[in-house]
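All values derive from a computational prediction rather than experimental measurement.
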Amino acid sequence: MATDSLGRFMAALNPDNREAVRAKPPQEQKRLAAAWERELEADDELDTLDELSPPAAEAEAARRVLRQGAD
């Protein structure tokens, strides 16, 4: 199990998104992982989901970060 932010972020992604993020430069990967951490910390909705299913909360935060990056 990954303990660093980038490793945990990558693990939360679905396989297609994981490959897309791996293709990005390391600085962009780190920026996305930091945004993912902020999303997990800031969203109260994710706190509730995290109590029920931490992996689901992490995956939802990852989807949100990638969606925000595409906007």
Side-chain angles (χ1 to χ4, degrees):
M1 177 177 197
T3 57
D4 67 310
S5 181
L6 181 57
R8 289 181 46 237
F9 171 63
M10 296 297 278
L13 295 168
N14 68 42
D16 291 338
N17 287 335
R18 191 175 304 128
E19 289 306 314
V21 171
R22 280 190 181 128
K24 296 183 181 298
Q27 299 86 347
E28 178 66 6
Q29 292 178 21
K30 289 177 185 175
R31 186 193 69 75
L32 289 169
W36 174 75
E37 287 283 353
R38 287 189 302 275
E39 183 74 19
L40 282 172
E41 291 172 5
D43 193 303
D44 293 339
E45 225 176 78
L46 289 175
D47 286 343
T48 302
L49 182 58
D50 188 51
E51 290 179 19
L52 299 172
S53 174
E58 291 181 352
E60 176 59 23
R63 281 190 292 275
R64 292 178 183 183
V65 166
L66 291 180
R67 197 173 7 195
Q68 290 169 0
D71 290 346

Q) At what distance, to the nearest 0.5 angstrom, does CD of E60 lie from CZ of R64? A) 4.5 Å

Q. Are any side-chain N or O atoms of W36 and backbone N or O atoms of M10, one a donor and one an acceptor, separated by less than 3.5 Å?
A. no

Q.
Measuring from atom CZ of R8 to atom CG of D4, what distance do you get when rounded to the nearest 0.5 angstrom?
A. 9.0 Å

Q | Approximate separation, where rounding is to 0.5 Å, of E58 CD and S53 OG | A | 9.0 Å

Q | Closest non-hydrogen atom pair, A61 against L40 | A | CB-CD2, 3.6 Å

Distance-only criterion, 3.5 Å: show the donor-acceptor pairs between side-chain atoms of residues 20-27 and protein atoms not counting sequence neighbours.
{"from": "R22", "atom 1": "NH1", "to": "E19", "atom 2": "OE2", "distance (Å)": "2.8"}

Q. Rounded to the nearest 0.5 Å, how far does CG of N17 lie from CZ of F9?
A. 8.0 Å

(Q) Between R63 and E39 (salt bridge meaning N to carboxylate O under 4.0 Å), is one present in this structure? (A) no

**Q.** E41 vs R38, salt bridge (charged side-chain N to carboxylate O under 4.0 Å, His left out): CA-CA, chis, key distance, verdict
**A.** CA-CA 5 Å; E41 291 172 5; R38 287 189 302 275; over 6 Å; no

